[in-house]
Amino acid sequence: MSTYTLEGLADFILQLYDQQNEDQLWEIWLNKQIEDDFPAFKKKHYRKIKNNKMQKLSEEEEKQIIESNMRYIKPIKKGGET
């Protein structure tokens, strides 16, 4: 983990989240009687998931989120002490 940048870590977490969504869709497709093949089913339902989860934030909302989360981030001194 120490080799990840903060941006790289965020990308990794998003990839895990996407994989989890795909795995859930795969399980649904396997266990339900669906006429579409998996790629068509995935495309149809994954678009719905993405559209529901992603919403555009205003700059003010972004600043508020960053400020509220910065309360939990403490700088680490040399040697790992806070």
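A side-chain donor from one of Gln19 and Asp23 sits under 3.5 Å from a side-chain acceptor of the other.
No side-chain heavy atom of Asp18 sits less than 4.5 Å from a side-chain heavy atom of Glu22.
How far CD of Glu61 is from CD1 of Ile66: 12.0 Å, rounded to the nearest 0.5 Å. Distance CG/Asn21 to NZ/Lys42: 10.5 Å, rounded to 0.5 Å.
The number of heavy atoms from other shown groups lying within 6.0 Å of CD (Glu59) does not exceed 12.
Listed by chain and residue number, Glu60 satisfy the side-chain contact (heavy atoms from CB on, under 4.5 Å) test with Gln64 (two or more places apart in sequence, or in another chain). Here Trp29 pairs with Trp26, Ile34, Phe38, Phe41 under the side-chain contact (heavy atoms from CB on, under 4.5 Å) rule; sequence neighbours left out.
Ile65 and Ser68 make their closest contact through O-OG, 2.9 Å (heavy atoms, listed as atom of the first residue, atom of the second, distance).
Placement of Leu16 and Leu14 in two distinct hydrophobic clusters is found when ILVMFWY residues are connected by side-chain heavy-atom separations under 4.5 Å, directly or transitively.
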